[in-house]
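For clarity, every value in this text was computed on a predicted model and none was experimentally measured. Below, all heavy atoms of this structure are taken into account, side chains as well, without hydrogens, waters or symmetry copies.
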Number of protein chains: 4
Amino acid sequence: MSTKDLILSTAKDMISEVGFHKMTTANLARRAEISEGTIYRHFESKEDILQHILDNFDEKYQQLAGQCRARMSHNELSIEDLLGSHFAFVDANSADIKIVLGTYSILDLTRRSMARFIERMRGLFEEFLTRGMARGTVRGVAVHDTGMIIANMFFGLMRIKLYWPEYPDFSAEAVDFCRRSLIFVEEKERS
Amino acid sequence: MSTKDLILSTAKDMISEVGFHKMTTANLARRAEISEGTIYRHFESKEDILQHILDNFDEKYQQLAGQCRARMSHNELSIEDLLGSHFAFVDANSADIKIVLGTYSILDLTRRSMARFIERMRGLFEEFLTRGMARGTVRGVAVHDTGMIIANMFFGLMRIKLYWPEYPDFSAEAVDFCRRSLIFVEEKERS
Amino acid sequence: MSTKDLILSTAKDMISEVGFHKMTTANLARRAEISEGTIYRHFESKEDILQHILDNFDEKYQQLAGQCRARMSHNELSIEDLLGSHFAFVDANSADIKIVLGTYSILDLTRRSMARFIERMRGLFEEFLTRGMARGTVRGVAVHDTGMIIANMFFGLMRIKLYWPEYPDFSAEAVDFCRRSLIFVEEKERS
Amino acid sequence: MSTKDLILSTAKDMISEVGFHKMTTANLARRAEISEGTIYRHFESKEDILQHILDNFDEKYQQLAGQCRARMSHNELSIEDLLGSHFAFVDANSADIKIVLGTYSILDLTRRSMARFIERMRGLFEEFLTRGMARGTVRGVAVHDTGMIIANMFFGLMRIKLYWPEYPDFSAEAVDFCRRSLIFVEEKERS
DNA sequence: TATGAATGAGGCTTCATTCAT
DNA sequence: AATGAATGAAGCCTCATTCAT
């Protein structure tokens, strides 16, 4: 791994564990086993490291969104698949998401990044709903707003999953909750 | 207003605006027009100020929960009322909630406070669902998990409302989303 | 007890226990159950309190010295009596002495007070030696220097007694040490 | 000189001159012509500096004690030599000793260091007495207690020497005082 | 590229002293 | 006489950033 990537991945772990303010350049250097000066050879500032982390994260989410869209265009994506792939994404990228959730309220940098992330999710869910309505499987709802609502419910559950791991997993119940609200009941019954 | 309350309310504003770390004791003193030393006549530490804010907030939410429970016991509380009173609560206490949302991931103090808050909300929603199911107006759902899901959807929407106020208000649509998922359709039609 | 004396005696205890710097006016007021402001009605400053304590101590030692001189003038004071009365004085005034020993190196105030104290002791011991030599019971020694040496041996032992109370009591052995050095052996044999 | 040693030696001078509390990190940095932050690159805290000074001092005394013991084992060490080498040690390490004498009553750190120092001196003097008694040059005395008494007399004289340098030097007289008390008179007469 | 010592601004907190009541 | 809130200077320490090697 290049020194730059080493710094990036170490910083990602540390910020997600202790927060941006409590990761100091001294801590970071010690944990990455480099010198403090080296950090500044690869990044302009501490915030610049965060910027790179957030940019990488955005790319990863765009990949997921692309895959979902591809499957949607072949009518191969159920609501379970859509939400399920998102839950899996959270599990695979928990450090990034903890960083986003932990700093959006104090750093403009992350605030913008999170806005972009939410907007991408909302757009994807909106597209899902629009296609479903066109095919007659989804009830008639306000797609823009409802996309936002699902995105945010999703965010809320992620927070619990990441910060209160002692709670059981609500994923399945959450999918049911959405299904009941969105999908015409005749196609599937539940207990 | 007593000096203690002045410090408390100034700190509440500042923390919600810039975050706990960026509210320094020097800033706080300047904005409250007192000296830095005075802060420590009324509070043991900077964290102690936050503790007081969080305790006050918890009390306020317990009042709301108490009122909701009272109305529930007279069957006077629709899902619109329940969620509506919560949206109103957020508007009235936006600074407190921004503080909770902005620091739970970095301060154990707030982490515990937020856990308490979520648990209170979940409990209230669970009670609402249980009563509705007994009366036959709410579908059979897993009340514990579903309470959590609603609480977290709610949290997600609050975040948008508080940090991206440029977005339109999703409250009404969110109520509909829940209603569709939870309430038997015969009693009400939607567009 | 007057408020002034209450402050004085509380301060004496505190300074001897924790040192002058660690006795704060806030601590002192709390322990004496008065307000901080009251201290300044009776004393000009924190150092002024110490000044009073030291002055009182000096008076008490002058009384002891006076009594010793009175008994010396009647030839009623053996070296055991002289040192013994000093050891007793230390026990009765341990707080004052701890204060002197604990602050002479950092406060000019006490430095002067301690110099006065040592000089008084030296003078008393010198007088004792001079009389003893005149009577033929004490060897011929340099009275001025030897007075100083005894005074300082005495100080050294006080320090142990006060700060390392876990050590056994060396008083008797110290008296023997001095006796051997000063008193003609024919009048008493030792093992 | 390395920066660490510069800090150490500057701090040693300052603490011995004005006391531990009155040497502030700002003062120290200014006098050593470094920045305050630099202090903390080399030491964990202000107390840590003191710890290093005390440890160095302990090492130096252990060297002296080792040399004395070596000469004792060849019967080459008179009481004049023993006390004389200690007086010389004080002159050469006056700053360290002032620090010990000035802070043992307020800092546990130094209290322990001083206890160690006294105990080492006592042990050395005890060994001297025991050998002397075995050889028949020293009177029969309680070696443990007497070692302590000499050590403390010595400490007392050091204090005068260091804090009241205007006094004449009592060293020679002190050696005589001890000699009279300890050494069999037949081998030497005094005036 | 990498190091790590040095910087200095700024953070939180303490404390002797003052002053209106 | 007594109170106790308020002050502000100063104390210890941290940390992002720079720079000579």
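A:Tyr104 and A:Phe117 have their aromatic ring centers separated by at least 6.0 angstrom.
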* To do: Give the B/S/- string for nucleotides 13-21 of chain E, one per nucleotide from 5' to 3', where a protein heavy atom under 4.0 Å of the base yields B, of only the sugar-phosphate yields S, and otherwise -.
  => BBSBBB---
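Across all non-hydrogen atoms, the minimal contact from B:Ala32 to B:Leu6 is O-CD2, 3.5 Å. Contact detail for C:Lys46 and C:His21: the closest heavy-atom pair is NZ-O, 3.9 Å.
Under 4.0 Å is where a charged nitrogen must lie from a carboxylate oxygen, and between D:Glu17 and D:Arg31 at least one such pair does.
Taking for each of B:Glu33 and C:Ile34 the nucleotide of DNA chain F with the nearest heavy atom, the 5'-most of the two is the partner of C:Ile34.
Straight-line distance from the CG atom of A:Leu6 to the P atom of E:dA2: 10 Å, rounded to whole Å. A straight line from CD1 of D:Ile7 to P of F:dC13 spans 13 Å, rounded to a whole angstrom. Per the geometry, CZ belonging to D:Arg30 stands 14 Å off P belonging to E:dG8, to the nearest Å. Rounded to a whole Å, the CD1 atom of C:Ile39 is 12 Å from the P atom of F:dA2. The separation between D:Asp48 atom CG and F:dT14 atom P is 12 Å, rounded to whole Å. Rounded to whole angstrom, the span from the CG atom of C:Leu28 across to the P atom of F:dG4 amounts to 15 Å. Between B:Met1 atom CE and F:dA5 atom C1' there is a gap of 17 Å when expressed in whole angstrom units. Taking atom CZ on D:Phe43 and atom P on F:dC12, their separation rounds to 15 Å, with Å as the unit.
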* Fill in the dot-bracket string of DNA chain E, one character per base: . for unpaired, | for a pair to another strand, ( ) or [ ] for pairs within the strand, taking Watson-Crick or G-U pairs under 3.5 Å. => .||||||||||||||||||||
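With respect to D:Met114, the side-chain contact (heavy atoms from CB on, under 4.5 Å) criterion is satisfied by exactly one of D:Leu54, D:Val100, D:Leu109, D:Ile97: D:Val100.
Under the side-chain hydrogen bond (donor to acceptor under 3.5 Å, both in side chains) criterion, D:Arg41 pairs with no residue at all, not counting sequence neighbours. Applying the side-chain contact (heavy atoms from CB on, under 4.5 Å) criterion to D:Asp48, with sequence neighbours excluded, gives D:Phe43, D:Glu44, D:Ser45, D:Gln51, D:His52. Residues passing the side-chain contact (heavy atoms from CB on, under 4.5 Å) test with C:Thr103, sequence neighbours excluded: C:Phe20, C:Ile99, C:Ile106, C:Leu107, C:Thr110.
Remark: side-chain polar atoms of A:Tyr163 are not paired, donor with acceptor, to backbone N or O of B:Ala115 under 3.5 angstrom. When atom types are taken as modelled, the side chain of B:Thr38 and the backbone of B:Ile34 share no donor-acceptor pair closer than 3.5 angstrom.
A side-chain donor from one of D:Thr24 and D:Asn27 sits under 3.5 Å from a side-chain acceptor of the other.
Residue A:Ser35 places at least one side-chain N or O closer than 4.0 Å to OP1 or OP2 of E:dT3.
DNA chain F is contacted by no residue of residues 100-111 of chain D, taking any non-hydrogen atom closer than 4.0 Å.
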